[in-house]
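Have a look at the structure below before the remarks.
What you see is a predicted model; the values in this text were computed from it and never measured.
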Amino acid sequence: MSPYAAGRRRVHRSVAAAVPLALMGALGAAVPAGAAPDEAAQVVRTATLGDIPLGAFSNALLPGTVGDDRGVDLGGIGSDMYPAGAKGEFWTVTDRGPNGQIKVDGSKRRTFPVPGFDPAIVRIRVTGDTVRVLKAVPITTSSGKPVSGLPNQPGRDEAPYSYDAKTSLSYDPDGLDTEGIVRAQDGSFWLVDEYGPSLVHVSARGKVLTRYVPKGLHLTGADYPVVEALPAVLLHRKINRGFEGLAQLPGGDLVMALQSPLSLPDADAGNASRNTRLVRFSPKKQAVTGEYVYRFDPVGVVDPGEDDTSELKISSVVAVGGDRLLVEERTDRTARLHLVRLDRAANVLGGRWDDDTASPSLEQLDDPAAAGVPVLAKRLVVDLGQVGGVPGKIEGIARVDHDTLALINDNDFGMTDGTGAFDARGRLVDSGVETTVTYLRLPRGI
């Protein structure tokens, strides 16, 4: 039995009914009108993670890390997933831990109810309708300390507060808001982080080997090597919208997806923009070798009824052979998966769009292609909003085989925003959203 099997509550699990949908093939061919159900994408399995007290989970990895988990269970492992090499098994990664927002005197404060939480790499197995934790690897500094999930730098990152937003917490230069994950051939891991944004190389045992950050970040005080190797323009990432997706190409290169458009020249421009970026990194050269412009569909196309363009995000990118990627465009409610190819002619690295004084900026272009910008061509593979049984806030996607994808949601540790997130005793009022792995079959494959 897994050491993480014990839990607080009994979880009711069920297999979602499969519902057909219209599907765009990976090569761009649409499913004909009136297509038979067996020609449409469908959910073929749903499995749920049981309740594991967060304190017990964390303290089993690094004793004494969490003194009071405030009734929070392990969650957030849906930040990404990567095949672990055995049937039904995946590597996943938590994000920075339980966090929320509470408005105080008209301003929102970022809360960290369990500030001692250490982000972790978690190996899971899907068996029937159950997700089990097989192994967990704590992410640590060079000296073996937990990295924490707390923000790094005053003035650049949100100020951290206690669960009730009344007490300030300390910043932590070692802190990571981990998201995407892949595993290298030597057994080490690569992660991406939203704070820097950064690319993080982690040993098989979880020790941070190197954190690659944008040039000019000037992160000091970290207990691990920090290398300024990423384009300086990335310093303009939107708060909480740094790197979210990570893919490993067949030759070993890594592709990082910026979750949202940069705030160039300001936050308003970034919030209104549909132009974001993919960044290619060579572990052999320890350098960025490519940068590509990715354009979101209109927000009302991705999420009918939504009119706020700033809700668009990239959460997952998956390598599917050669220089091809599946890219997930989403809001918190729904998502669409597109196929793109990283064409050499589309590489804008080192050009005008890396100059943060360029006017207009890339983010301000309403029609970048008309302005001569080589935007990546994309083809719709599947609209998850049309598939019954797919949860909201899908953040991790893994390829199971030619016809099947595994999807995992981020349940935010059961957290909600506002003063009602915790009861009068300071215990979590759980949202009831569980961590779920969903298998999706694509009849035409990828």
Give a yes or no on whether a salt bridge exists between Asp308 and Lys313, defined as a side-chain N under 4.0 angstrom from a carboxylate O.
no
What's the separation between atom CG in Leu405 and atom CD1 in Ile446, rounded to the nearest 0.5 Å?
4.5 Å
Scanning both residues in full, the closest heavy-atom pair of Tyr161 with Leu169 reads O-CD1, 3.3 Å
Taking atom CG as the centre, does Asp366 end up with more than 12 heavy-atom neighbours from other residues, nucleotides or ligands that are less than 6.0 angstrom away?
no
Could you tell me which non-hydrogen atom of Pro250 sits nearest to which non-hydrogen atom of Gly322, and how far apart they are?
CD-O, 3.3 Å
Partners meeting ring-ring contact (aromatic ring centres under 6.0 Å, His included) with Phe296 (sequence neighbours left out)
none
In the structure I gave you, are the side-chain heavy atoms of Val131 and Thr435 within less than 4.5 Å of one another anywhere?
no
Name the one of Asp95, Thr94, Asp80 that satisfies side chain to side chain contact (heavy atoms under 4.5 Å, CB included) with Asp410?
Asp95
Check against side chain to side chain contact (heavy atoms under 4.5 Å, CB included), Phe243 and Leu234:
CA-CA 10 Å; Phe243 289 142; Leu234 298 176; 3.6 Å; yes
Quick check on side chain to side chain contact (heavy atoms under 4.5 Å, CB included): which of Leu278, Val348, Leu376, Leu365 does Val293 satisfy it with?
Val348
Could you check whether any side-chain N or O of Thr111 sits under 3.5 Å from a backbone N or O of Gly100, counting only pairs where one atom can act as donor and the other as acceptor?
yes
Around atom CZ of Arg441, are there more than 12 heavy atoms of other residues, nucleotides or ligands at under 6.0 Å?
no
Are the side chains of Ile314 and Val327 in contact, using a 4.5 Å heavy-atom criterion?
yes
Heavy-atom pair of closest approach, residues Phe117 and Arg96
CD2-O, 3.5 Å
Checking the side chain of Asn152 only, and the main-chain atoms of Asp172 only, is there a donor and an acceptor separated by less than 3.5 Å?
yes
Student check: side-chain heavy atoms of Leu258 and Val279 closer than 4.5 Å:
no
Verify, without hydrogens or angle tests, whether Asn99 (side chain) and Gly97 (backbone) share a donor-acceptor contact under 3.5 angstrom.
yes
Is any side-chain heavy atom of Val433 less than 4.5 Å from a side-chain heavy atom of Asn409?
yes
For the pair Arg344 and Asp323, find out whether any cationic side-chain nitrogen is under 4.0 Å from an anionic carboxylate oxygen.
no
Contact summary for Val192 and Gly245, nearest pair of heavy atoms:
CG2-O, 4.1 Å
Option among Lys393, Arg333, Arg336 that satisfies the salt bridge (Lys or Arg N to Asp or Glu O under 4.0 Å) test with Asp303:
Arg333
Run Arg125 and Glu89 through salt bridge (charged side-chain N to carboxylate O under 4.0 Å, His left out) and show every step you take.
CA-CA 4 Å; Arg125 175 185 291 158; Glu89 295 187 12; 2.8 Å; yes
Give a yes or no on whether the backbone of Gly75 and the side-chain of Asn411 come within a donor-acceptor separation of less than 3.5 Å.
no
Under 3.5 Å, is there a donor-acceptor pair linking the side chains of Ser162 and Asp164?
yes
Side-chain ion pair, Arg330 and Asp332, N-O less than 4.0 Å:
yes
Side chain to side chain contact (heavy atoms under 4.5 Å, CB included) partner of Leu54, chosen from Asp69, Asp73, Leu428:
Asp69
What is the distance from atom CG of Leu337 to atom CG of Leu407, rounded to the nearest 0.5 Å?
7.0 Å
Give a yes or no on whether a salt bridge exists between Arg211 and Asp193, defined as a side-chain N under 4.0 angstrom from a carboxylate O.
yes
I'd like to know whether the aromatic ring centres of Tyr82 and Phe189 sit less than 6.0 Å apart in this structure.
no
Test item: Ser58 and Asp118 side chains (from C-beta on) under 4.5 Å apart, heavy atoms
no
Go through Phe57 and Val122 one step at a time and tell me if the side chain to side chain contact (heavy atoms under 4.5 Å, CB included) criterion holds.
CA-CA 11 Å; Phe57 172 83; Val122 183; 4.0 Å; yes
For Ala421, check side-chain contact (heavy atoms from CB on, under 4.5 Å) against everything at least two apart and list the hits.
Thr416
Pairing of Asp68 and Arg427 as salt bridge, 4.0 angstrom limit:
yes
Where Leu264 and Ser361 come nearest, the two heavy atoms and their spacing
O-OG, 2.9 Å
Check this for me: Arg341, atom CZ, are more than 12 non-hydrogen atoms of other residues, nucleotides or ligands nearer than 6.0 Å?
no
Output yes when a side-chain donor or acceptor of Arg352 lies under 3.5 Å from a complementary backbone atom of Ser359, and no otherwise.
yes
Quick one: does Lys378's side chain get under 4.5 Å of Glu329's, heavy atoms only?
yes
N-O pairing of Arg277 and Asp354 below 4.0 Å:
yes
I would like to know whether Val400 and Phe90 meet side chain to side chain contact (heavy atoms under 4.5 Å, CB included); could you show each step before the answer?
CA-CA 10 Å; Val400 176; Phe90 303 92; 4.2 Å; yes
Minimum side-chain heavy-atom gap His236-Glu363 below 4.5 Å
no
When every non-hydrogen atom of Ala335 is compared with those of Glu328, the smallest separation belongs to CB-OE2, 3.4 Å
Any sub-3.5 Å donor-acceptor pair from Asp412's side-chain atoms to Met415's backbone N or O?
no
So, taking the atom named CD in Gln42 and the one named CG in Leu442, what distance separates them when rounded to the nearest 0.5 Å?
10.0 Å
4.5 Å side-chain heavy-atom contact, Tyr439 and Val126:
yes
Got a donor-acceptor contact below 3.5 angstrom from the Arg110 side chain to the Glu158 backbone?
no
Donor-acceptor check, side chain of Glu194 to backbone of Arg241, threshold 3.5 angstrom: yes or no?
yes
What's the spacing between Ser198 OG and Asp177 CG if we round to 0.5 Å?
9.5 Å
Treating Ser79 as the side-chain partner and Gly76 as the backbone partner, does any N or O pair qualify as donor plus acceptor under 3.5 Å?
yes
Pick from Leu384, Asp403, Val44: which one makes a side chain to side chain contact (heavy atoms under 4.5 Å, CB included) with Leu440?
Leu384
Under the criterion salt bridge (charged side-chain N to carboxylate O under 4.0 Å, His left out), I'd like the reasoning laid out for Arg280 against Asp343: C-alpha separation, chi angles, the key distance, then a yes or no.
CA-CA 12 Å; Arg280 185 168 182 162; Asp343 191 328; over 6 Å; no
Looking at CG of Asp297 and CZ of Arg274, how far apart are the two atoms once the value is rounded to the nearest 0.5 Å?
7.0 Å
Just how far is it from atom CG of Leu217 to atom CG of Leu235, taken to the nearest 0.5 Å?
6.0 Å
Please check: side-chain N/O of Glu228 versus main-chain N/O of His218, any donor-acceptor pairing under 3.5 Å?
yes
